[in-house]
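Okay, structure first, notes after.
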Protein chains: 2
Amino acid sequence: MGTSDIYAQRVRRAQELLVTNGVDLMILTSSVDMFYLTGFTDEQRERLMFLMVPRPPREPVFVLPTLYETEARARTPVKDVRAWRDGQDPFAPVLEVLGGLGRAEPVVAIDETMFARFLLPMVKRARASWTSAAPIMVKLRLTKDAREVATMKEVGRLTDEVMAKAIAACAPGVEELTVARLIQRSFMELGAEPTAAVPIVAAGPNGAMPHYRAGHRKMARGDLVVLDFCGSVEGYWSDVTRTICIGEASEEARRVYKLVAEAHLAGVRRCVADNTCQAVDAATRGVITAGGYGEAFIHRTGHGLGLEIHEEPQIVGNNPQPLEPGMVFSVEPGVYLPGRFGARVEDCVVVNANGPATELTHFPHDELIVV
Amino acid sequence: MGTSDIYAQRVRRAQELLVTNGVDLMILTSSVDMFYLTGFTDEQRERLMFLMVPRPPREPVFVLPTLYETEARARTPVKDVRAWRDGQDPFAPVLEVLGGLGRAEPVVAIDETMFARFLLPMVKRARASWTSAAPIMVKLRLTKDAREVATMKEVGRLTDEVMAKAIAACAPGVEELTVARLIQRSFMELGAEPTAAVPIVAAGPNGAMPHYRAGHRKMARGDLVVLDFCGSVEGYWSDVTRTICIGEASEEARRVYKLVAEAHLAGVRRCVADNTCQAVDAATRGVITAGGYGEAFIHRTGHGLGLEIHEEPQIVGNNPQPLEPGMVFSVEPGVYLPGRFGARVEDCVVVNANGPATELTHFPHDELIVV
């Protein structure tokens with residue numbers, strides 16, 4: 001199947017879900033959702049760019065600035081492209097499509113990532129029942145097809161290579177940011193897409209802040225260092241975390257690391273079809289709680305991964321959602337001791353129809369690596 | 001003035017503008033606006049992170065996930081930090097702050113870039129008059145102080161270096177993406193922040209699509225090549241465009257280039273305090289229209305630049321806004337001939353209190369560079 005067929009088929013599946021979900025029209029802004037359905041998008045900025053997907057037999061409409069018109073016509077399966085020029089009212093073609101639905105108060109599903117600058121004026125100018133497009137787009141993107149999984153395995157392979165380089169660069173006196181920049185450069189050298197997000201390289205007490213990025217701290221003997229980063233290929237992401245030690249680790253650091261690594265393993269083992277998201281969370285959390293650090297595991301066990309670094313499913317305690325073949329998500333238990341240190345181990349897995357899940361990254365993690 | 005004083009002062013100025021604008025509360029999501037006011041932000045993803053700024057004497061409140069709590073307390077001037085944990089309702093503390101205003105229907109100004117995933121549930125759950133925070137944040141960020149201008153000069157200097165490297169790499173048979181990746185790597189090597197956006201390297205007919213990025217086309221003799229890219233330092237951006245030719249240029253390509261370069265010069269000359277945005281647009285457009293290509297100049301003359309690549313002011317035909325000292329924006333006329341070629345020249349300028357504007361990039365552009 002050619003790529004244009006893939007996008008045409010995805011649009012048709014979206015239209016079927018509109019009917020099932022009682023939605024008259026779905027409006028996507030520049031986003032990974034737009035990319036998923038058409039193979040085309042750009043960063044969301046100040047100019048309105050909407051993909052409007054109505055129920056069949058109506059056809060999808062692209063409303064976009066003239067400067068994208070040629071490209072959208074050439075690269076997407078959408079035939080009806082309505083371009084607006086700087087100085088014109090970009091909402092005029094949008095309201096025209098809404099009016100053309102022939103409903104007094106259509107149910108309109110909105111992209112989760114649409115900016116307020118586009119949503120607020122629509123809400124004020126059009127009469128509709130506004131809802132989220134997430135139920136439709138999450139359903140479409142929740143399980144990955146073979147082609148998507150192959151891409152994610154490839155980016156996982158590159159990510160293992162980058163982890164090896166990053167750990168080799170860690171040593172006493174080395175600044176966190178030096179290793180962070182090396183990670184970003186290494187992805188580019190391997191042919192992955194450049195990423196703006198600064199990798200997490202968190203040494204010593206910085207490791208106790210789960211979303212600390214990287215700063216000017218120099219690694220010191222005895223520091224645990226949390227390395228957590230993502231790479232992307234063709235829009236699909238990897239996500240991995242390893243925790244290593246500079247020189248000799250304290251007794252507590254070794255004990256905490258062992259607990260986190262065991263929790264990670266317990267979680268991955270539960271990633272089998274028809275198990276649930278909350279069962280995976282319970283497995284990791286159970287190990288850490290039994291070890292006496294339950295209060296220090298302050299986040300969910302994991303998140304879905306694909307065109308976004310964080311997407312569905314949520315591997316969290318109150319999510320009874322069954323695991324399905326093709327789901328891809330992280331398993332990343334951690335322990336955070338403010339002012340002292342943190343430890344986390346993360347791999348992403350693909351759920352299989354039968355048997356254990358496939359891990360997308362393979363860098364060793366059973367023993368605390370000391371450099 | 002220390003950086004924490006700068007942020008405290010910016011919050012106070014924002015609070016004064018709330019009063020002037022008849023707004024009771026401003027809600028910012030993770031964004032450059034949040035960064036501007038606090039020095040702290042992260043990418044906007046799926047977890048709610050709000051900076052809520054009420055009128056004085058009330059104090060600002062941070063509502064954020066527990067995993068950012070330590071960092072927000074350590075790095076921002078905001079004292080009232082209310083953290084929510086995965087599994088809890090993140091809107092609960094938000095509604096509490098709204099309720100605490102003591103108004104039946106408070107006027108609430110929303111960050112322009114807030115995702116629908118945060119805005120739609122608020123609109124459904126809280127009674128308020130929703131409006132945009134843009135008038136407040138644009139006013140705060142519209143003119144840059146000396147410290148900001150110094151940073152933008154520095155990133156401009158790096159950008160000139162990168163342009164020299166990029167042009168040196170252009171030659172017959174070289175793929176657009178090869179040069180695009182070189183641009184990204186060069187910024188990193190010079191110490192700028194890595195950027196995810198693929199630079200524009202558009203050869204031959206691709207140059208006729210103003211927002212085409214870079215692809216697999218190999219540069220061929222006679223191609224005009226449009227190079228347009230941005231770098232950032234401490235969150236502040238540069239933006240530059242040059243158009244060069246591979247081998248001998250056609251007579252029309254040379255004529256169009258000359259027109260665009262003249263239009264650019266005419267625009268930059270008008271960037272003086274108390275002139276208007278539309279006068280700058282009229283100056284560039286006048287030259288191109290007089291040359292017979294008015295219809296092929298399909299976008300505005302320019303856009304503001306700062307913490308965002310596109311911000312206020314808009315250098316567009318219907319904007320009578322006066323130019324003020326400290327405004328920074330692009331002047332970037334272009335001509336686009338679909339299926340054939342495009343040409344654009346862009347520098348960003350700082351408006352001065354007296355005399356001509358200061359250009360932030362200086363790479364030569366008077367003559368068409370042929371490589």
Side-chain angles (χ1 to χ4, degrees), chain A residues 29 42-47 65-71 74 85-87 110-121 123-124 130-134 181 184-185 188-189 193-198 208-213 232 298-300 303 308-311 314 316-318 336 338-339, chain B residues 29 42-47 65-71 74 85-87 110-121 123-124 130-134 181 184-185 188-189 193-198 208-213 232 298-300 303 308-311 314 316-318 336 338-339:
Chain A
T29 189
D42 195 2
E43 286 167 88
Q44 193 176 197
R45 289 190 182 152
E46 81 283 25
R47 289 190 180 95
T66 40
L67 68 179
Y68 293 92
E69 187 176 1
T70 309
E71 202 174 352
R85 195 175 271 250
D86 284 343
I110 297 291
D111 196 324
E112 286 270 286
T113 65
M114 181 179 289
F115 282 169
R117 77 162 51 109
F118 304 124
L119 179 56
L120 269 184
V123 167
K124 287 186 180 174
W130 307 98
T131 184
S132 167
R181 296 306 185 206
Q184 291 176 300
R185 271 204 314 279
M188 285 193 62
E189 285 162 10
E193 288 137 11
T195 60
V198 179
M209 298 182 272
H211 275 204
Y212 172 90
R213 297 288 183 164
S232 84
I298 58 174
H299 56 69
R300 64 189 170 191
H303 55 81
E308 287 175 292
I309 295 173
H310 289 177
E311 58 181 51
Q314 304 287 327
V316 62
N318 56 359
Y336 308 93
Chain B
T29 189
D42 195 2
E43 285 167 89
Q44 193 176 196
R45 289 191 183 150
E46 82 283 25
R47 290 191 179 96
T66 41
L67 69 177
Y68 293 92
E69 188 177 1
T70 309
E71 202 175 351
R85 195 175 270 251
D86 284 343
I110 297 292
D111 195 325
E112 286 270 286
T113 64
M114 180 178 289
F115 282 169
R117 77 161 52 109
F118 305 124
L119 179 56
L120 268 184
V123 167
K124 287 186 181 175
W130 307 99
T131 183
S132 166
R181 296 306 186 206
Q184 291 176 301
R185 272 202 316 279
M188 286 192 62
E189 284 161 10
E193 288 137 11
T195 60
V198 178
M209 297 183 274
H211 275 205
Y212 173 90
R213 297 288 184 164
S232 84
I298 58 174
H299 55 71
R300 64 188 170 191
H303 54 80
E308 287 176 291
I309 295 173
H310 289 178
E311 57 182 52
Q314 304 287 327
V316 62
N318 55 0
Y336 308 93

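Numbered from 1 within each chain, the chains take letters A, B, ... in sequence-line order.
Interface residue A:Met188: only side-chain heavy atoms are found under 4.5 Å from chain B. Residue contact with chain A, scored on non-hydrogen atoms closer than 4.5 Å, involves the backbone and the side chain of B:Thr113 alike. With a threshold of 4.5 angstrom between heavy atoms, A:Arg185 approaches chain B through its backbone and through its side chain. Contact annotation for A:Arg45: only side-chain heavy atoms (C-beta onward) come within less than 4.5 Å of a heavy atom of chain B. Only the backbone of A:Asp111 comes within less than 4.5 Å of a heavy atom of chain B; no side-chain atom from C-beta onward does. Heavy atoms of B:Arg181 lying under 4.5 Å from chain A belong to its backbone as well as its side chain.
Across B:Trp130 and A:Lys124, no two heavy atoms sit closer than the pair O-NZ, 2.9 Å. Residue B:Phe115 comes nearest to A:Glu112 through the heavy atom pair CB-O, 3.3 Å, listed as atom of the first residue, atom of the second, then distance.
Annotation: maximal heavy-atom pairing with chain A below 4.5 Å, among B:Arg85, B:Glu193, B:Glu43, B:Arg213, occurs at B:Arg213. Counting heavy-atom pairs closer than 4.5 Å to chain A, the top-ranked of the candidates B:Glu189, B:His310, B:Glu69 is B:His310. When the candidates A:Ile309, A:Asn318, A:Asp42 are compared by the number of heavy-atom contacts under 4.5 Å with chain B, A:Asp42 comes out ahead.
Shown are A:Ile110, A:Val123, A:Leu120; of these, the side-chain contact (heavy atoms from CB on, under 4.5 Å) with B:Leu119 is made only by A:Leu120.
For A:Pro210, the side chain to side chain contact (heavy atoms under 4.5 Å, CB included) criterion is met by A:Ile298, A:His299, A:Tyr336, A:Arg344, B:Leu67, not counting sequence neighbours.
A salt bridge links B:Arg300 to A:Glu46: at least one charged side-chain nitrogen sits closer than 4.0 Å to a carboxylate oxygen.
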